[in-house]
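Just below is one structure, and these are the notes that go with it.
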Amino acid sequence: MRGEAQDLQEAIARAKQDWECTADSLSHVVCLVDADRRVVRVNRAIEAWQLGRVNEVVGADIHDLLHPSACGGECALAVRLRSGWLQCQNATANEFELFDSHLKRAICVTLRPIVADSDGHRPQGDSHAVMVVMDMTAMHLARVAELERANYELQNEVVRREAAEEAARLSRSELALLSQQLIQAQEKERRRIARELHDSAGQSLSAIKYSLERAAELQRQNKHADAAPLLSRTIGLVRETITEIRAIAMDLRPSLLDDLGVASALGWLCREFAETYAQFEVRTEIAAGDAEIPDRLSTTIFRCAQELLNNAAKHSRARRVSVGLLRGSNSVTLSVSDDGIGMPQPNSSGSFGRGHGIRNLRERAQMTGGRMIIGGNSGTGTRVQVDWPLATRDMLA
Ligand SMILES: Nc1ncnc2c1ncn2[C@@H]1O[C@H](COP(=O)(O)OP(=O)(O)O)[C@@H](O)[C@H]1O
Ligand SMILES: [Mg+2]
């Protein structure tokens, strides 16, 4: 009998030792607490946490176990332990997390009541509860890092959105400015046309009307001999007016450009030019069909030809003016040449005189991917050529 009891006691002692070994190997602080919140036993983690030695902390209050150097008693941990303990008294487990500034760790504290068996016995004598304190710092830091990363990404997103909104705002105001400029340019152009019509055609038509009234009056008085020279002067005036109106019309965009294409419009421009400026022999070599020139170049080619022909009429004093439009395998070329006095020497900034015509042409050509070459010397006339290399999409078009 005695032998059996001894074996049993030894088995219990071994089990207790095994259990202590297991508890001691944990990184959490695990302690048994009596009815007065005092430590009955604690595992070795307390030493790893540098809160005292296992034997010395027995009897300490659970708060003082974790905060051995006095913290005034009214710290956050004390408050949470108090309410947790109250719950534990009511046989309810309690768990809370907090960042403890004394321990400098994020901790998770669990208070679990030890329930007595039907005979009122508890497994560990006067132990009423188990307190487990886990170090959550690493997890806490990981969570903080994750939050910081999310926050950083959020801030980046805010910056990106603000930049996009700012860009949209800018392009909106740029668009508003551009359309305002467009309206202003249109108004300016309308004023110019109105002024030109009034100053040239308007004045001439008034003079024609007056001459015809005078001639009619002379006819009525049977003064036919006086009326005849007046009428032939008036015919001259009508001819001049036609020329003026043609010049104004040539400056405007002909509907041919939109209806047929730039090759047809250029042919029309050359015919009008030849009729308006009868002193020039005009040669036209349009070796390209309307459909062969990409739409995106139509207006530019037409405006270039208009300006170059105007220049020839205004400045060249030539006898012969030639216009060419060629479509090569991968380029389009417009050329206007004359046999007049030739271009003056360009000034230091590369422009000729104070006019804007040539400068505008060069800009227009560049904006559409073309290149303008001005050739010819003083005495040998002028040749201006604009080349546009064609992109693959142009060739498919
Ligand atoms: N075909 C030409 N023959 C001779 N000189 C020319 C010719 N084209 C242009 N020029 C000269 O180049 C100058 C600049 O031309 P441009 O820029 O078109 O301005 P604008 O025609 O308003 O004077 C002209 O003033 C003229 O002196
Ligand atoms: Mg000009």
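Side chains included, hydrogens not; waters and symmetry mates left out as well; all remaining heavy atoms used. First listed ligand is number 1; within each ligand, the first listed atom is number 1.
Among protein heavy atoms, atom 20 (P) of ligand 1 sits closest to His315 NE2, 3.7 Å. In terms of protein heavy-atom proximity, atom 11 (C) of ligand 1 is nearest to Pro344 CD, 3.6 Å. Nearest to atom 9 (C) of ligand 1 among the protein's heavy atoms is Met343 SD, 3.4 Å. For atom 1 (N) of ligand 1, the closest non-hydrogen atom on the protein side is Asp338 OD2, 3.0 Å.
Counting heavy atoms under 4.0 Å from ligand 1, residue Leu308 does not touch it at all. At a heavy-atom distance under 4.0 Å, no atom of Ala318 approaches ligand 1.
Salt bridge status for Arg192 with Glu196: present, with a side-chain N to carboxylate O gap under 4.0 Å. At a threshold of 4.0 Å, the pair Glu217-Arg214 does not count as salt-bridged, since none of the basic side-chain nitrogens sits closer than that to a carboxylate oxygen. Using a 4.0 Å cut-off between a side-chain N of Lys or Arg and a carboxylate O of Asp or Glu, Arg161 and Glu165 do not qualify as a salt bridge.
Considering both main-chain and side-chain atoms, Arg359 never comes within under 3.5 Å of ligand 1 through any nitrogen or oxygen pair. Considering backbone and side-chain N/O atoms, Ile341 never comes within less than 3.5 Å of an N/O atom of ligand 1. For a threshold of 3.5 Å applied to N or O pairs, the pair formed by Ile358 and ligand 1 contains at least one separation below that value.
For the residue pair Ser331 / Asp387, no side-chain donor-acceptor distance below 3.5 Å is found, with atom types taken as modelled. Side chains of His140 and Arg143: no donor on one and acceptor on the other come within 3.5 Å. Inspection of the Thr137 and Asp135 side chains reveals an N or O donor paired with an N or O acceptor under 3.5 Å. In this structure, a donor-acceptor pair under 3.5 Å is present between the side chains of Gln306 and Arg303.
Among the backbone and side-chain atoms of Asn311, an N/O/S atom is found under 2.8 Å from the Mg ion (ligand 2).
Taking a cut-off of under 4.0 Å to the non-hydrogen atoms of Lys314, the atoms of ligand 1 that pass are 21 (O), 22 (O). Interface of Gly342 with ligand 1, defined as ligand atoms under 4.0 Å from a residue heavy atom, comprises 4 (C), 5 (N).
Every heavy atom of Arg317 sits 4.0 Å or more from the atoms of ligand 1. The shortest separation from a heavy atom of Gly340 to ligand 1 is not under 4.0 Å, leaving the residue out of contact.
A cation-pi contact links Arg105 to Trp49, judged by a cut-off of 6.0 Å to the six-membered ring centre and 45° from its axis.
Glu307 has its closest N, O or S atom to the Mg ion (ligand 2) at the position named OE2.
Looking at Leu66 and Met131, their side chains come closer than 4.5 Å, going by heavy atoms from C-beta outward.
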